[in-house]
Amino acid sequence: MDYQFSKDFLWGAASSGPQSEGSFPGDQKAEMEWDYWFKQAPELFYEGVGPSVASDFYHKYKEYAGLMKEIGMNSYRTSIQWSRLIKDCEGTVNPEGAAFYNAVIDELLSRGIEPILCLHHFDLPMYWVEKGGFENWETVEAFAAYAAQCFALFGDRVKRWITFNEPIVITEGGYLYQNHYPAVCDAKRAALVSYHLQLASSLAVKAFKKSGRDGQIGIVLNLTPTYCREPENEADKKSAETADLLFNKSFLDPSIKGEYPKALVELLKEEGICPETREEDLEVIRINTVDFLGVNYYHPRRVTRRSTPYTGPLMPEKYFEEYTYEGQKMNFSRGWEIYEPAIYEIAIHLRDNYGNIPWYISENGMGVQDEERFIGADGTVEDDYRIEFIRDHLIWLHKAIEEGCSCFGYHLWAPFDCWSWKNAYKNRYGMIRVDIKDHCRLSIKKSGRWFRETAGRGGFNKF
Ligand code: BG6
């Protein structure tokens with residue numbers, strides 16, 4: 001086999017609770033921020049589709065698990081919805097929620113699929129949003145208590161946990177670029193939320209150790225390798241370094257090394273937005289580093305020095321401008337560049353600068369609009385572009401592993417089409433098609449068949 005991966009390699013895919021489950025009468029789920037935002041402003045969501053049904057994983061989880069097995073997955077990451085498991089600020093457990101997650105875990109295990117559970121995927125319950133969300137220290141403590149509850153309820157069977165999915169996106173989406181709730185632009189609040197998210201993550205790691213459960217706990221970060229246009233130009237280089245500091249190192253360093261990069265702290269201080277810290281909290285971060293890392297990789301960031309003076313509210317763009325790389329390969333549906341070698345560069349960076357921590361690709365994928373265009377005569381979505389996308393990334397990953405990088409798996413986003421926040425069902429990511437106009441009818445795409453064969457053989461040959 002030209003590209004052979006190890007026997008215990010994770011072949012799987014990821015989704016999340018809010019993007020797959022839906023919420024239904026009688027399920028006792030509390031409202032979370034996306035339910036609320038959709039109710040307030042449905043026009044912001046593609047074709048007015050909100051999270052209420054999503055992919056109906058809540059009712060169809062057995063069928064989903066069966067198909068996931070059929071496409072060769074040996075592991076599946078999803079997230080527990082805090083708002084489904086816990087009813088209120090007092091931490092009251094919703095028995096329906098607990099029963100649902102127990103059933104999902106058992107179903108996956110019975111089919112030989114390892115459940116990897118994430119504790120937060122952009123979905124803060126409204127009872128905490130109303131108290132200031134992650135700007136409020138109480139939310140941080142409540143998150144740690146909720147995490148401890150999850151370890152107690154499900155830790156006998158779940159062996160890999162994730163504290164947060166893409167915490168930087170919570171910050172940038174909600175407090176800078178306004179594509180997540182509360183959709184404000186305020187760098188000082190953003191910095192505080194980031195710091196509190198890190199603390200919440202570190203406290204969850206602490207709670208996991210205290211729980212005495214077997215297993216490991218990690219964090220999922222979306223890493224965007226940053227390339228500048230003119231690497232020999234000092235100002236250009238600096239623009240890339242600053243973007244890297246803000247978007248990558250701000251969670252990578254405290255989560256893995258237990259401390260913030262000095263340059264980041266200095267920058268925040270210069271801007272007058274550095275949160276106040278307590279020595280005992282920094283100690284929590286120092287001690288409670290993660291066991292492993294999940295890397296979500298979709299696209300690189302290409303920056304150059306500013307050509308015009310920056311005006312407007314404080315934003316990361318004060319320090320750089322993004323530019324389009326001539327000849328870049330694009331996924332036009334999502335507007336993201338496709339650049340496979342970056343996956344190799346991430347791996348080498350983790351090997352050389354982060355102690356070669358064990359990690360896996362926790363998301364990588366290609367969202368395509370109007371996939372109906374590719375339905376063939378027998379009704380299958382012929383998504384050759386997705387097969388090519390996965391294969392080309394795996395080739396670079398394989399090279400990195402050959403060079404000693406500790407990557408233990410590859411998860412595609414997503415096993416099945418799921419609800420994508422404001423983009424709703426515009427772009428389809430799954431290896432399993434979900435026909436949302438026909439009671440979420442499921443069918444395996446061509447990529448699902450290819451994945452089954454690849455995972456089954458633990459690799460693939462050159463074409
Ligand atoms: C990741 C998120 O950033 O990208 C997912 O963890 C998300 O929740 C995925 O759905 C794809 O991005 P989008 O914006 O197209 O849904």
Side-chain angles (χ1 to χ4, degrees), residues 12-22 32-35 37-38 44-47 49-51 54-55 57 76-82 116-124 162-174 176-181 183 197 201 218-225 247-248 251 293-301 330-338 342-343 346 360-371 383 385-386 389-390 393 410-432 434 436:
S15 178
S16 75
Q19 294 177 268
S20 63
E21 290 169 12
M32 53 101 183
E33 52 190 309
W34 293 90
D35 303 320
W37 202 18
F38 179 69
L44 295 178
F45 292 75
Y46 186 74
E47 290 182 341
V49 176
S55 306
F57 188 82
Y76 170 52
R77 172 172 68 108
T78 185
S79 68
I80 295 177
Q81 292 199 69
W82 188 349
I116 300 178
L117 287 192
C118 177
L119 298 169
H120 190 92
H121 199 119
F122 309 160
D123 56 329
L124 197 59
I162 307 277
T163 59
F164 282 90
N165 177 76
E166 302 187 348
I168 192 70
V169 172
I170 302 173
T171 299
E172 64 177 48
L176 291 171
Y177 301 114
Q178 300 166 54
N179 46 18
H180 284 213
Y181 196 75
L197 287 168
S201 175
I219 190 167
V220 163
L221 302 179
N222 51 312
L223 298 184
T224 43
F247 292 107
N248 297 322
F251 283 98
L293 181 70
V295 173
N296 291 356
Y297 172 67
Y298 287 90
H299 58 87
R301 189 183 301 275
M330 287 294 290
N331 169 7
F332 289 105
S333 298
R334 190 60 182 78
W336 282 343
E337 180 185 347
I338 299 174
I343 222 164
I346 290 172
Y360 79 116
I361 287 289
S362 43
E363 286 182 32
N364 175 231
M366 190 180 184
V368 171
Q369 193 169 356
D370 300 329
E371 267 202 331
D383 53 347
Y385 44 84
R386 183 164 292 111
F389 180 96
I390 303 171
H393 282 86
Y410 176 90
H411 273 196
L412 186 77
W413 183 271
F416 47 85
D417 296 337
C418 57
W419 184 77
S420 270
W421 319 111
K422 279 165 73 180
N423 275 336
Y425 278 91
K426 173 177 169 285
N427 301 318
R428 301 308 183 94
Y429 282 90
M431 295 183 277
I432 297 167
V434 179
I436 56 163

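Just so you know, ligand 1 is whichever comes first in the structure, and atom 1 is the first atom listed for that ligand.
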With sequence neighbours excluded, residues passing side-chain hydrogen bond (donor to acceptor under 3.5 Å, both in side chains) with Ser16: Gln19
Tell me the salt bridge (charged side-chain N to carboxylate O under 4.0 Å, His left out) pairs involving residues 360-369, sequence neighbours left out? Arg77-Glu363
All side chain to side chain contact (heavy atoms under 4.5 Å, CB included) counterparts of Thr224, not counting sequence neighbours: Phe247, Asn248, His299, Arg301
For ligand 1, list the protein residues that place a heavy atom within a distance below 4.0 Å of one of its atoms, sorted by chain and number. Gln19, His121, Phe122, Asn165, Glu166, Asn296, Tyr298, Arg334, Trp336, Glu363, Trp413, Ser420, Trp421, Tyr429
If you measure only the distance, is there a donor-acceptor pair under 3.5 Å linking the side chains of Tyr429 and Ser15? no
Hey, what's the ring geometry for His393 with Phe389, parallel, tilted or perpendicular (30° and 60° as the breaks)? tilted
Go through the side-chain N and O atoms of Asn296 and Asn165 and say whether any donor and acceptor fall under 3.5 Å apart. yes
